[in-house]
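As structure tokens, the structure follows; a few thoughts come after it.
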Amino acid sequence: MISIQTEDFDSGAEYEALRASGAGTGAIATFTGLVRDSGDMQGVSGLFLEHYPGMTEQVIAGLVEEASRRWDVRKARVIHRVGKLLLQEQIVFVGVCSAHRGDAFAACEFIMDALKASAPFWKKELSDTGEHWVEQKASDVARGKVWGK
Amino acid sequence: MISIQTEDFDSGAEYEALRASGAGTGAIATFTGLVRDSGDMQGVSGLFLEHYPGMTEQVIAGLVEEASRRWDVRKARVIHRVGKLLLQEQIVFVGVCSAHRGDAFAACEFIMDALKASAPFWKKELSDTGEHWVEQKASDVARGKVWGK
Amino acid sequence: MTEPTLTVRFFARLREELGTEQLTLPAQANQTAGDLLGVLASRGGPWAQLQGGQPVMIAINQAMAKPATPVQAGDEVAFFPPVTGG
Amino acid sequence: MTEPTLTVRFFARLREELGTEQLTLPAQANQTAGDLLGVLASRGGPWAQLQGGQPVMIAINQAMAKPATPVQAGDEVAFFPPVTGG
């Protein structure tokens, strides 16, 4: 299930929902991204996140499908927030259930890396002295490519 | 922080404690292992977990230290249960906070893989027809070695 | 008869710098996404950056595309900076 | 004068099959963990598996060790099957 939303989310409740995926689940890997205080600018107070409604959901659904072809994925959950987010707020959640530990880790990291490299979200950093659009990092493009096809 | 305990744990609360690790945290990776219904035996109803008190904590503390030398680890939490655990119960939790996503994933997966390969825990599978000690899997030994030194 | 058109959308920094969220353009025969960028760049001012400026990503009907991808009447064509989510 | 001793502990399948959780043995000069396994294996019955049976892991004072690692008076030596936690 994929949600793009302005509201915050409850990672603990999301984990419990993943855990309720049946007795064949032996492994749950989760990732949460938070707004942190050392972006491209000094004194960042928060972010503004814009996305391309419709395309975002399609791109992420495609990534979850690809992960499910490559690894044992019993259930996957992706939440990405948009709009204004303050320092330390949650931005993104990716959770994957699998029978096996290696598959849960790989699918979770793949979805997160590929989302970062290809889902149509854009971040603007907000600070006391102004705001600016974050530039894409070469390292994120590289991490997206590492997974190959 | 490392806990070896018979009681269950609240993954959501553990996540929130990791999240409270300060404004430099941008990434939290967690892993939870559950008792699943397809072990070495048919009709498994649960597990009994034995460990070597004292040594277990030392081994895991060493793994967390090693992870902290190799990656940016702002905070790490490991919980491992012992005693009798029924199907679908939580066995183990590993959570890592970092500034960066790649470090959080790598440190979390390393601690989990290395724990599985080297921490002194032993699992006995319990079923209607008897019980037996689980044999170590070659794949777990291999995953532990992949990380090298 | 209504003239065949296509919709062009802009996001993030491009949306702000062009002061434009959405445009309707006449659809031409044998046109590619790259041709559209050329037409828009020729407006001058901030539009000039669409050719030879910072990288511009292209989506056609909400799927990633390339400058050489053909566009046709009814398409939704989007131009935006490299993505920075997550 | 009290005879110098060391403590030997067994875990999991070994603990069950040997029916023994802990032993106190006299400490000998120049003894290794492997020597201790030999002494115990010579008891016969289930003890024989400690040499040439399934793999036996060794810890000395709660740190992983090898058959060639020396043991001395006061040490806590543990023998157990390969670990299976997590």
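Residue numbers begin at 1 in each chain, while the letters A, B, ... track the order of the sequences. All values reported here derive from a predicted model rather than from experimental measurement.
- Looking at every heavy atom in both residues, Ala59(D) comes nearest to Tyr52(B) through CB-CE1, 4.3 Å.
- Contacts of Met64(D) with chain B are made by both backbone and side-chain atoms, with heavy-atom separations under 4.5 Å.
- Between the CZ atom of Phe11(D) and the CH2 atom of Trp133(B) there is a distance of 10.5 Å, given to the nearest 0.5 Å.
- For the options Gly33(B), Ala117(B), Gly54(B), heavy-atom pairs under 4.5 Å to chain D are most numerous at Gly54(B).
- With respect to chain D, the highest number of heavy-atom pairs below 4.5 Å among Lys116(B), Lys124(B), His51(B) belongs to Lys116(B).
- In this structure the side chain of Trp122(B) reaches within 4.5 angstrom of the side chain of Val83(D), judged on heavy atoms.
- Heavy-atom contacts from other residues, nucleotides or ligands closer than 6.0 Å to CD of Glu21(D) number 12 or fewer.
- How far CD of Glu57(B) is from CD of Gln62(D): 8.5 Å, rounded to the nearest 0.5 Å.
- For the atom pair CD of Gln54(D) and CD of Glu135(B), the computed distance is 5.5 Å after rounding to the nearest 0.5 Å.
- Here the side chain of Gln136(B) pairs no donor or acceptor atom with the backbone of Thr84(D) at under 3.5 angstrom.
- Heavy atoms closer than 4.5 Å to chain D are found in the backbone of Ser118(B), but not in its side chain.
- Listed for the Lys123(B) side chain is a donor-acceptor partner under 3.5 Å among the backbone atoms of Gly86(D).
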